[in-house]
Amino acid sequence: GQFSNSYTLAKMKVFGNGRHLWLRLVASTAIGQTADNSTSFTLAYLLGGFYTLHELPNLIVSSVVFCTLWEFLATPITYKVVAFLKRAEGLDIYDRHTDFNPFSLRT
């Protein structure tokens, strides 16, 4: 989930020329949480039988909605943190040529 979150955030920044941080944050959270929660809840169902197959979609959707809503509500704080870090570091990086392959052995 973290990989898909980071990838989405980076690609949307390039695509939007650095605009619409709020949209990047919310969309990348929704995608990352969907990947995380789909995987973890499905594994918990298959390996542990903690709930029924009928409950699985509701668990996934409700957890993704909750986490995405939280990201949306926390966006004003995130804006301040991002602005502070950009000023402190003097950086605003765009991942235009980044190799996102998690299996790459290149350094």
Side-chain angles (χ1 to χ4, degrees):
Q2 182 59 41
F3 173 77
S4 56
N5 183 316
S6 298
Y7 181 82
T8 302
L9 195 62
K11 290 301 182 181
M12 286 182 73
K13 182 175 183 178
V14 170
F15 183 74
N17 291 317
R19 294 185 310 271
H20 311 298
L21 175 58
W22 69 272
L23 182 60
R24 296 194 317 262
L25 294 168
V26 172
S28 66
T29 297
I31 290 169
Q33 288 298 321
T34 299
D36 271 346
N37 293 322
S38 297
T39 303
S40 61
F41 283 128
T42 301
L43 284 173
Y45 164 74
L46 292 173
L47 300 176
F50 295 110
Y51 34 80
T52 67
L53 184 59
H54 178 71
E55 295 170 307
L56 188 59
N58 286 338
L59 286 167
I60 294 169
V61 170
S62 63
S63 63
V64 169
V65 168
F66 175 79
C67 292
T68 304
L69 178 61
W70 174 252
E71 181 66 50
F72 179 76
L73 294 173
T75 295
I77 297 166
T78 306
Y79 262 80
K80 289 179 181 175
V81 171
V82 167
F84 170 79
L85 291 173
K86 282 182 180 182
R87 276 193 311 274
E89 297 176 348
L91 296 173
D92 188 11
I93 297 173
Y94 287 73
D95 291 305
R96 295 190 200 289
H97 304 290
T98 301
D99 180 6
F100 286 97
N101 181 353
F103 305 108
S104 177
L105 298 176
R106 286 184 276 169
T107 56

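What you see is a predicted model, and the numbers here were worked out from it, not measured in a lab.
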Could I get the full list of side chain to side chain donor-acceptor pair (under 3.5 Å) partners for [X], not counting sequence neighbours?
| X | result |
| --- | --- |
| Ser38 | none |
| Asn58 | none |
| Thr39 | none |
| Thr68 | none |

Heavy-atom count check: over 12 atoms from other residues, nucleotides or ligands less than 6.0 Å from [X] [atom1]?
| X | atom1 | answer |
| --- | --- | --- |
| Phe3 | CZ | yes |
| Phe72 | CZ | no |
| Leu47 | CG | yes |

List, one per line, each side-chain donor-acceptor pair under 3.5 Å for residues 19-26, sequence neighbours excluded.
| unit_1 | atom_1 | unit_2 | atom_2 | d |
| --- | --- | --- | --- | --- |
| Arg24 | NH1 | Gly18 | O | 3.2 |
| Arg24 | NH1 | Arg19 | O | 2.8 |

Would you please name every residue forming a side chain to side chain contact (heavy atoms under 4.5 Å, CB included) with [X], sequence neighbours left out?
| X | answer |
| --- | --- |
| Thr42 | Leu46, Leu56, Ile60 |
| Val14 | Tyr94, Arg96 |
| Leu73 | Leu69 |

Close side-chain approach of Phe50 and Phe41, heavy atoms under 4.5 Å: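 No; the side chains remain at least 4.5 Å from each other.
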
Side chains of Leu59 and Tyr45 in contact at under 4.5 Å (non-hydrogen atoms):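 Contact flag for Leu59/Tyr45 side chains = no.
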
Residues clustering with Ile31 (ILVMFWY side chains joined when closer than 4.5 Å, directly or via others): none

Cluster companions of Phe103 among Ile, Leu, Val, Met, Phe, Trp, Tyr (side-chain spacing under 4.5 Å):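 Besides Phe103, the cluster holds no residue at all.
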
Gap between atom CD of Glu89 and atom CZ of Phe84 - 0.5 Å precision: 9.0 Å

Salt bridge (charged side-chain N to carboxylate O under 4.0 Å, His left out): pairs with one or both residues in residues 31-53, sequence neighbours excluded: none

Side-chain (Asn37) to main-chain (Gln33) donor-acceptor, under 3.5 angstrom: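 Yes; judged by distance alone, with no hydrogens or angles, the pair exists.
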
For a quick test of your reading: what N or O donor-acceptor pairs under 3.5 Å do the side chains of residues 6-13 make, sequence neighbours left out?
| unit_1 | atom_1 | unit_2 | atom_2 | d |
| --- | --- | --- | --- | --- |
| Ser6 | OG | Gln2 | O | 3.1 |
| Ser6 | OG | Gln2 | NE2 | 3.1 |
| Thr8 | OG1 | Ser4 | O | 2.7 |
| Lys13 | NZ | Asp92 | OD1 | 2.5 |
| Lys13 | NZ | Ile93 | O | 2.8 |

